[in-house]
Each structure stands twice: as C-alpha cells, then as structure tokens.
Amino acid sequence: MKRVWFALRSAFLWAISLLHFAIAVPMLIALAIVFDPKKHDWLQRSFCRRIVFFAGAKVQVVRSPGFDPQKTCFFISNHVNLFDPFSLYCAIPQFVAAGSWNRISIFRSMVG
C-alpha cells in the first residue's frame, strides 16, 4: 500500500511540476526580454524553490564562517544534471549571470 501511495504522489508531483514549468518559464523568458533580469530575480528564485519543492527535495545552505554574501564569488558544482541549476540558484545569495564566464579570457581559454 505504501508503494502505491508513493507512486501516486510522485505522479501527481510530476504532473504539477510540468504544468508549473510550462506556465512559468515562458513568462520568465518574456520578462527577461522586456525588463532587466535583476529586477525580477526574486521571481526566478521562487520558481527554482518551487521546482525543488515539487521534486520532494530540500535545500540546506551551509556557509563557511568566512563567506561574505556581498562579495562576488564563483560557485562551482562537481557535476551537472538537470536538477543542479534549480537547486543552486535558490541557494546562491547573489544575482547569477549565467554564461558571463565566457567573457573572461582566462576561462574562455581553459574551456576552449
């Protein structure tokens, strides 16, 4: 009985998550085209938090004692899958400009 409950719950959460994704992503893309993404960063973060929630996961942020969220930092994960961007974005305390590392010549030469 427990397996059936978990299967039904999982199917329900997947359906809600896909519906949420299909509605929210086009709206966020339209906002990014029209407005500066920094102005609606809170919407993007809440979207990522809901994706993590619908997946049934919890994000726990543990900061080292010397970490200053006001300074510019590099956040690197040791592997990347489809879930990492959502979980990382809701945990990072700063605005994230994806792909901006391409403009820094030392990183461009390392990546190729």
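Position 1 is the first residue of the sequence; numbering continues from there.
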Side-chain donor/acceptor of Ser10 to backbone N/O of Phe6, under 3.5 Å: no
Cluster overlap Phe53 with Leu13, hydrophobic side-chain contacts below 4.5 Å: yes
Within one Ile-Leu-Val-Met-Phe-Trp-Tyr cluster: Ile51 and Leu43, side-chain cutoff 4.5 Å: yes
Other residues, nucleotides, ligands: >12 heavy atoms within 6.0 Å of Phe35 CZ: no
Quiz: residues 18-34 side-chain donor-acceptor pairs under 3.5 angstrom, not counting sequence neighbours:
| from | atom 1 | to | atom 2 | distance (Å) |
| --- | --- | --- | --- | --- |
| His20 | NE2 | Arg50 | NE | 2.8 |
| His20 | NE2 | Arg50 | NH2 | 3.4 |

Shortest non-hydrogen separation from Val59 to Ala91 and the atoms involved: CG1-CB, 4.0 Å
